[in-house]
Number of protein chains: 2
Amino acid sequence: MVRSLLRPGSDTTGSQKEHLEDPLFTRSIGRALDVLSAFHKSEQPLSLSEIAQSAQIDRSAAQRIVHTLRRLGYIRRDEHGRGFLPDIRILDHTLDYLRLNPLVRRATPVLLELRRNVRERVDLSLFDDLRVVYAARMQSKRETFHATLVGHSVPTYCSSGGRAILSQLESSEVDDIIDRSDRTPLTPRTLTEPATIRDKVAEARDKGYALTLEEILIGEIAIGVALPGPDGKPAGAIHLAGSLSDWKPEDFVTRFAPLISEAAMDITR
Amino acid sequence: MVRSLLRPGSDTTGSQKEHLEDPLFTRSIGRALDVLSAFHKSEQPLSLSEIAQSAQIDRSAAQRIVHTLRRLGYIRRDEHGRGFLPDIRILDHTLDYLRLNPLVRRATPVLLELRRNVRERVDLSLFDDLRVVYAARMQSKRETFHATLVGHSVPTYCSSGGRAILSQLESSEVDDIIDRSDRTPLTPRTLTEPATIRDKVAEARDKGYALTLEEILIGEIAIGVALPGPDGKPAGAIHLAGSLSDWKPEDFVTRFAPLISEAAMDITR
DNA sequence: GCAAGCGTATCGTTCAGCGATACAGAAAAA
DNA sequence: TTTTTCTGTATCGCTGAACGATACGCTTGC
């Protein structure tokens, strides 16, 4: 299966060669966004040389591109002296994406309503091939730093929302996604065997929701339901996550499965 | 006062001429980001011609740039046929910005802790000249769609966080910001007179926090405290917002002023 | 029916981006 | 200390990549 759009992680080597063939492709733009994407792999401010290396361009190009992105407000210097960081204009585009995304628009009010009746964490995630990206997060009492950030993503194959999404796809697509996924376990309880995952997906198809136990985070239980896009294919999912120290799995399901299914119905209309 | 970085809204006419002088400025990048910024002013999918018009380029350029951004995953077609929308790769950069922003890193755990002890909305906003941009939001029970989105911004001069930030600036800078702000009132109670605003800012400087009553949203009371960056100048603010149907202003202040001040101290270390 | 919009494709000209080169300042190594 | 090696910044001639005019097939609306 050929994917038409590049995804993070997949573009490190392939991009240049792919674009050589494309007469409409504007290389400067690709390079500029490669520069911005250099930060994906970093936990610290990046120097010009590091950016150049990461974006596979020379220092001169990095200099000019960084200069430009800086003037435009997408990159700034780190206050403590050395290196560069992404700057705030990024968030303007974030807002555009979220505001204009039809699923986010429809789901947010329902999720807020759901959150009113529930003390656990409620999330909306968007389907993006091998991963599922958090677009809206409504925290519970107990959260970590990472769990609060928009843009965070988890693998499709082992998350509750992802499994729910898989359950609405053709089995060939499911196999394809499982196959292409990097299935290094995130916790000791992450299911990585294709056959086991397929079973769980089938179970989700039967029940209408997917349940995961500590597959991404120790101590976490999560239930997810897929949301269809206009073509009928799943475009995202909503999920509800709680702590195993508060809930027996059965109780979690009997309490929340109806609520989250109803919320999904409301969103689908 | 000259601003070195462009800000949204300020770049519609000035950008081209400004950049003509700059030999290091890579125009293609500017054009590409102008295309992405076309969505700032839109509530719907945009056609190529609309994008061209908004970015002040011809249809051919818009075509090539949109094509490129599409291949890279930053723009997609609307599912219902016509027009284009921002695509999900935007969120990867959102995550980079938030993860790497030192203030967000330091503030988030404290805000989560604060949110545990408080039933009202808690926010972190970042100072960006005339506006203040929401970077992290922790909802209360009662929220609207807009109030949940990262990237949303409010004017500095009339928001609680913005006033708190102003109270930490030189009075010449305060005057400059008030002067350059578009002060069309957002509600009947928005304060727009420079003298009145300066008074409120002085009051915030005295008390250590800023209080606003229905200046942005009817029925809302908000209290804000500034957060200093490494150079001592304010880089953002935290705020706490409640409903006037739940709180008398005096009670709101006596209850939350100590909590939010302490949280700000914790963040500042 | 024609008109006007959409998104897409092609191609020769030219000017904008490339990348080699140089420089000042601050760390890090000697 | 001096030397080296990083920073980030600035300059400039060459050339190939982006420009923009032009054309096309489709759908939508009059």
Side-chain angles (χ1 to χ4, degrees), chain A residues 4-5 15-36 38-39 42 44-72 74-87, chain B residues 4-5 15-36 38-39 42 44-72 74-87:
Chain A
S4 58
L5 295 177
S15 58
Q16 290 106 332
K17 287 184 184 175
E18 251 183 70
H19 301 327
L20 278 180
E21 314 282 319
D22 185 345
L24 265 79
F25 191 85
T26 302
R27 282 148 235 246
S28 328
I29 299 175
R31 277 187 283 263
L33 293 170
D34 283 349
V35 163
L36 272 184
F39 294 100
S42 172
Q44 277 124 21
L46 292 177
S47 74
L48 267 185
S49 313
E50 291 172 311
I51 289 172
Q53 190 187 358
S54 184
Q56 312 210 55
I57 53 182
D58 64 27
R59 255 173 51 98
S60 280
Q63 177 200 177
R64 260 174 292 116
I65 295 169
V66 166
H67 173 87
T68 303
L69 290 172
R70 203 136 75 99
R71 286 200 66 78
L72 295 171
Y74 293 90
I75 283 184
R76 66 160 195 235
R77 301 210 51 172
D78 180 44
E79 298 94 332
H80 296 290
R82 60 162 60 353
F84 298 92
L85 288 174
D87 203 358
Chain B
S4 58
L5 297 176
S15 59
Q16 291 105 330
K17 288 184 183 175
E18 251 183 69
H19 301 327
L20 277 180
E21 313 283 319
D22 185 346
L24 265 79
F25 190 85
T26 302
R27 282 147 238 247
S28 326
I29 299 175
R31 277 187 284 263
L33 294 171
D34 283 349
V35 163
L36 272 184
F39 294 101
S42 172
Q44 277 125 21
L46 292 177
S47 74
L48 268 184
S49 312
E50 290 171 313
I51 290 172
Q53 190 187 358
S54 184
Q56 312 211 55
I57 53 182
D58 63 28
R59 252 173 53 98
S60 281
Q63 177 200 177
R64 261 175 293 115
I65 295 170
V66 166
H67 172 87
T68 303
L69 291 172
R70 205 136 74 100
R71 286 199 66 78
L72 296 172
Y74 293 89
I75 283 184
R76 66 160 196 236
R77 299 210 53 170
D78 180 43
E79 299 95 332
H80 296 291
R82 60 158 64 353
F84 298 91
L85 289 174
D87 202 357

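The model shown is predicted, which means the values in this text are computed figures rather than measured ones. Naming convention: chains lettered A, B, ... in sequence-line order (proteins, then strands); numbering from 1 in each chain.
Residue A:Ile29 holds its CD1 atom at 12.0 Å from CZ of A:Arg27, rounded to the nearest 0.5 Å. Here the CD-CZ distance, from B:Gln56 to B:Arg31, works out to 12.0 Å after rounding to the nearest 0.5 Å. Taking CD from B:Gln63 and CD1 from B:Ile57, the interatomic distance works out to 11.0 Å, rounded to the nearest 0.5 Å. Atom CG of A:Leu33 and atom OG of A:Ser28 lie 10.5 Å apart (nearest 0.5 Å).
Protein atom CD of A:Gln63 is 8 Å distant from nucleotide atom C1' of D:dG8, rounded to whole Å. When the C1' atom of D:dG20 is taken as reference, atom CD1 of B:Ile65 falls 12 Å away, rounded to whole Å. Taking atom CZ of B:Phe25 as the reference point, atom C1' of D:dT9 lies 17 Å away to the nearest angstrom. The nearest whole Å value for the distance from the CD1 atom in A:Ile51 to the P atom in D:dT7 is 11 Å. Rounded to a whole Å, the NE2 atom of B:His67 is 16 Å from the P atom of D:dA17. Atom C1' of nucleotide C:dT8 and atom CG of B:Asp58 are separated by 15 Å, given to the nearest angstrom. A straight line from CZ of A:Arg71 to P of D:dA10 spans 11 Å, rounded to a whole angstrom. Counting to the nearest Å, the C1' atom of C:dG19 and the CD atom of A:Gln56 are 17 Å from each other.
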Between the protein and nucleotides 12-14 of chain D, which nitrogen or oxygen pairs come in under 3.5 angstrom?
none

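At most 12 non-hydrogen atoms from other residues, nucleotides or ligands lie less than 6.0 angstrom from CD of B:Gln53.
In terms of polar N and O atoms assigned as donor or acceptor, the side chain of B:Ser28 never comes within less than 3.5 Å of the base of D:dA18 in a complementary pairing. Scanning atom types as modelled, no donor and acceptor separated by under 3.5 angstrom connect the side chain of A:Thr26 and the base of D:dA18.
Dashed line: the shortest gap from a side-chain N or O of A:Ser60 to OP1 or OP2 of C:dT21 is not under 4.0 Å. Here A:Arg31 reaches the OP1 or OP2 of C:dC18: one of its side-chain N or O atoms lies under 4.0 Å away. In this model, the phosphate group of C:dG7 is not approached by any side-chain N or O of B:Arg70 to a distance below 4.0 Å at OP1 or OP2. Contact check, B:Ser47 against C:dC6: a side-chain N or O comes under 4.0 Å of OP1 or OP2.
The shortest heavy-atom contact between B:Phe25 and A:His67 is N-CD2, 4.0 Å.
In this structure, the side chain of A:Thr68 engages the main chain of B:Thr26 through a donor-acceptor pair within 3.5 Å.
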Where each pair must be Watson-Crick or G-U wobble with both distances under 3.5 Å, what dot-bracket representation of DNA chain C is obtained, with crossing pairs in [ ] and other-strand partners as |? .|||||||||||||||||||||||||||..

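Here B:Arg59 lies in heavy-atom contact (under 4.0 Å) with a base.
Between A:Leu85 and A:Ile75 the shortest side-chain heavy-atom distance does not fall below 4.5 Å.
Legend: residues meeting ring-ring contact (aromatic ring centres under 6.0 Å, His included) with B:Tyr74, ordered by chain and number and at least two apart, are B:His93.
Looking at which nucleotide of DNA chain D each of B:Leu24 and A:Leu48 is closest to, the 5′-most match is held by A:Leu48.
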Test side chain to side chain contact (heavy atoms under 4.5 Å, CB included) on B:Leu36 and B:Ile65 and set out the steps. CA-CA 9 Å; B:Leu36 272 184; B:Ile65 295 170; over 6 Å; no

